[in-house]
Amino acid sequence: MSFYVTTPIYYVNAAPHLGHAYTTIAADVMARHHRQRGEDVFFLTGTDEHGEPVADAARAAGIEPQLLADRNSERFRALAPRIDASNDFFIRTTDAQHMAKVQEVLTRVRENGHVYKGVYEGWYCPRCADFKADNEIDEGNLCPIHHIELSREQEENYFFALSSFQQRLEALYEERPHFLAPRTRRNEALSFIRSGLRDVPLTRRRLTWGVPVPWDAEHVFYVWFDALLNYYSALSYARPGEDLTATLWPADCHLIAKDILRFHAVYWPALLMAADLALPERIFVHGYLLMEGEKMSKSLGNVLDPFEVIDRFGSDALRFYLIRDVSFGQDGSVSTMAFEQRYASELANEYGNLASRVIAMLARYRDGRMPDAALDPEIAPELQSLAGEVSGLIDEVQLTQGLDAIWQRVRRLNRYVEEKAPWQLAKQGDQAPLDAALATLITGLRVVSVVAHPYLPEATGKLLDALGVADRSLAAAVPSQPLPAPGAPIASLPPLFPKPE
Ligand code: ME8
């Protein structure tokens with residue numbers, strides 16, 4: 001069983017921000033979860049380096065596009081380990097192997113009869129790198145996303161015959177209701193397709209910063225076709241000496257935000273059909289992180305720096321906050337205040353303190369050793385069902401609901417401590433109830449931590465280490481497993497989420 005998940009490849013026209021961290025974190029949660037299931041996981045992220053957005057930014061900075069791409073790609077590459085992203089490869093669209101693959105696939109698309117020469121006339125936004133119809137621009141010829149004035153372009157191009165895929169695309173959305181989620185986005189894509197598709201430029205003549213068109217030296221490929229193909233090309237060279245395409249293609253899940261819905265929901269499946277390639281299993285579209293009601297974006301300048309947050313609170317805290325506070329699939333506002341509240345009340349208190357208290361009680365009453373007692377039947381079913389429930393939710397890319405399910409158990413364990421009051425049980429003659437309560441709490445911590453591991457890899461890892469549990473797979477989330485074994489020593493644990501300086 002394999003699982004292949006991707007993020008968009010990010011533009012190198014500026015530095016990474018929280019929006020990029022968000023998608024990469026979400027993909028990482030999925031990748032880690034599927035690894036826990038023993039699947040052969042491949043997690044891809046990277047940078048999109050051609051096209052006008054990058055060429056223009058380089059010109060503005062007075063440097064060559066390649067230099068700008070090298071510098072900024074490095075910053076995106078460096079973001080991944082900072083947010084604990086476990087990507088298996090980092091693709092750059094300036095990689096020679098990627099460029100050759102783009103040429104190969106798009107030549108096939110032409111040979112298959114889906115490319116013709118024509119003249120494009122219409123609006124174009126260089127920031128979006130997108131051609132826009134008359135009804136897609138705002139009053140005063142403004143780009144609705146970037147609020148800049150657009151120019152009307154006339155350019156001789158090779159076109160991709162997108163309109164001829166209209167029926168096949170409609171059929172795709174009707175036959176495969178889960179191809180694209182959430183449902184509102186699927187409906188949006190379908191109604192765009194039904195409204196009638198226009199052919200789109202496949203190449204650009206005026207640009208030089210791009211993948212050269214093999215059959216016409218005056219053109220480079222339009223950046224979106226170059227970019228989309230990263231998902232496919234990466235497999236052919238990510239692992240030196242090996243071609244992973246046969247085992248991993250098609251991708252299981254492309255994660256994107258709604259800004260690039262049309263490219264992924266319409267152009268991408270049509271392009272794959274034109275190239276005789278299999279379509280991805282699913283595309284999941286998450287919402288925007290908003291700051292004070294506006295989409296956070298480089299061009300609008302209202303960004304929250306993920307590096308600063310991580311420096312103060314650690315990467316788990318950022319991962320947790322973004323997945324917990326913004327329902328995955330919907331837009332949501334983020335703020336420093338909400339972040340600090342969740343950190344203090346949920347991470348530091350509900351999870352961190354629970355772990356410290358339970359381990360401290362074990363040290364105090366049982367000499368730091370795992371008691372030999374069965375799991376309290378009052379709480380066992382809730383622990384038993386957790387892994388399966390979360391797996392089912394993650395299969396549907398319901399990442400926030402998955403974390404909710406985990407947190408219900410965390411809260412249940414906190415209530416259990418209050419109900420059982422082990423400090424009272426310690427005073428009574430019969431010590432069996434205390435053994436049962438402590439064994440149940442340790443087991444609960446273990447189960448919750450294993451299932452939460454994809455969300456909070458660092459903190460759960462420390463806790464599981466303290467419990468002496470080396471297995472991070474979902475097999476370790478079965479409550480009846482004797483983990484840790486009765487009598488096994490349990491190490492002390494420094495605060496998992498300390499108060500920041
Ligand atoms: O569009 N909220 O690159 P890009 C949530 N190169 N997610 C956000 C976000 C926000 N405020 N801002 C950015 C491109 N993102 C193309 C993609 S793919 C073949 C080519 C995330 O640097 C989100 O995943 O503009 C969004 O789709 C992506 O960054 C856009 O990144």
Side-chain angles (χ1 to χ4, degrees), residues 5-28 30 44-55 57 68-69 72-73 75-76 79 83 85 91-94 98 102 125-130 143 145-146 185 210-211 221-234 251 253-269 271-272 280 283-306 318 322-323 325-335 397 399:
V5 61
T6 67
T7 73
I9 46 171
Y10 307 117
Y11 282 134
V12 288
N13 56 347
H17 64 70
L18 199 65
H20 305 118
Y22 183 50
T23 317
T24 305
I25 287 169
D28 188 60
M30 296 178 73
L44 179 70
T45 187
T47 43
D48 185 358
E49 308 189 6
H50 291 127
E52 247 146 332
V54 178
L68 180 81
N72 280 339
S73 179
R75 298 163 83 175
F76 280 94
L79 175 69
I83 54 182
I91 189 168
R92 300 184 56 184
T93 54
T94 51
H98 166 77
V102 168
C125 173
R127 292 272 191 79
C128 296
D130 192 10
C143 167
I145 297 165
H146 295 98
R185 301 287 163 229
V211 177
F221 285 112
Y222 171 38
V223 64
W224 266 101
F225 290 100
D226 163 5
L228 286 163
L229 281 167
N230 91 88
Y231 303 132
Y232 179 71
S233 71
C253 184
H254 295 309
L255 285 185
I256 60 167
K258 59 189 184 178
D259 50 346
I260 52 179
L261 174 66
R262 185 154 37 93
F263 300 105
H264 286 79
V266 184
Y267 292 23
W268 182 224
L271 177 65
L272 290 169
I283 299 171
F284 188 89
V285 188
H286 65 68
Y288 287 151
L289 300 181
L290 308 171
M291 288 279 279
E292 288 137 18
E294 272 238 61
K295 180 195 172 204
M296 219 183 334
S297 87
K298 293 175 280 207
S299 15
L300 297 175
N302 57 340
V303 299
L304 197 112
D305 184 2
L318 181 68
L322 292 177
I323 304 288
D325 215 35
V326 179
S327 182
F328 200 67
Q330 288 163 32
D331 290 351
S333 290
V334 294
S335 72
V397 205
L399 305 186

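All figures in this text were calculated on a predicted structure; none of them were measured in a lab. Remember, it's 1-based here, ligands and their atoms both numbered in the order they're listed.
- Note on ring orientation: taking the six-membered ring where Trp is involved, the planes of His17 and His20 are tilted (angle from 30° to 60°).
- In this structure the side chain of Leu255 reaches within 4.5 angstrom of the side chain of Phe328, judged on heavy atoms.
- In terms of modelled atom types and a separation under 3.5 Å, the side chain of Asn72 and the main chain of Ala15 share no donor-acceptor contact.
- Below 4.0 Å from some heavy atom of Pro8 lie the following atoms of ligand 1, by number and element: 18 (S), 24 (O), 27 (O).
- Residues Glu49 and Thr93 share a closest heavy-atom pair of N-OG1, 2.8 Å.
- Of all the atoms in ligand 1, the ones that sit under 4.0 Å from a non-hydrogen atom of Ala227 are 19 (C).
- Not close to ligand 1: Lys258, with no non-hydrogen atom less than 4.0 angstrom away.
- Here OG1 of Thr23 is found 10.0 Å from CG of Leu322. Values are rounded to the nearest 0.5 Å.
- Residue contact check: Trp224 has heavy atoms under 4.0 Å from atoms 16 (C), 17 (C), 18 (S), 19 (C), 20 (C) of ligand 1.
- With respect to Asn230, the side chain to side chain contact (heavy atoms under 4.5 Å, CB included) criterion is satisfied by exactly one of Thr6, Asp48, Leu44: Leu44.
- Partner Phe263 forms a ring-ring contact (aromatic ring centres under 6.0 Å, His included) with one of Tyr222, Trp224, Phe225, Tyr231 and no other, that one being Trp224.
- Not a single N or O atom of Ile260, backbone or side chain, sits closer than 3.5 Å to an N or O atom of ligand 1.
- The parts of Leu289 lying near ligand 1 are both backbone and side chain, judged by heavy-atom distances below 4.0 Å.
- Evaluated by nearest non-hydrogen atom to atom 29 (O) of ligand 1, the leading choice among His254, His264, His20, His50 is His20.
- Looking at Tyr11, Tyr288, Phe225, it is Tyr11 that brings a heavy atom closest to atom 22 (O) of ligand 1.
- For Thr23, a nitrogen or oxygen atom sits less than 3.5 Å from a nitrogen or oxygen atom of ligand 1, counting backbone and side chain alike.
- Counting heavy atoms from C-beta on, the side chains of Arg127 and Cys143 never come closer than 4.5 Å.
- Checking only distances, Ile256 never comes within under 3.5 Å of ligand 1, N or O to N or O.
- By the 4.0 Å heavy-atom criterion, Gly287 is counted among the residues contacting ligand 1.
- By the ring pair (Phe, Tyr, Trp, His ring centres under 6.0 Å) test, His98 is found to be paired with no residue, residues two or more places apart in sequence or in another chain being considered.
- Scored by the ring pair (Phe, Tyr, Trp, His ring centres under 6.0 Å) test, Phe221 finds Trp215 as partners (sequence neighbours excluded).
- Ring-plane geometry between Tyr10 and Phe76 is classed as parallel, the angle between the planes falling under 30 degrees on a 0 to 90 degree scale with a further cut at 60.
- Within the listing of ligand 1, atoms 12 (N), 13 (C) sit less than 4.0 angstrom from a heavy atom of His17.
- For atom 19 (C) of ligand 1, the candidate residues are Tyr231, Tyr10, Trp268, Phe263; the nearest heavy-atom contact is made by Tyr231.
- Contacts between Leu18 and ligand 1 below 4.0 angstrom, taking non-hydrogen atoms only, are absent altogether.
- Near Asp259, with a cut-off below 4.0 Å to any heavy atom, the atoms of ligand 1 are 26 (C), 27 (O), 30 (C).
- Under a 4.0 Å criterion applied to the non-hydrogen atoms of His286, ligand 1 contributes the atoms 5 (C), 7 (N), 24 (O).
- The contact set between ligand 1 and Asp48, taken as ligand atoms under 4.0 Å from a residue heavy atom, comprises 6 (N), 16 (C), 20 (C).
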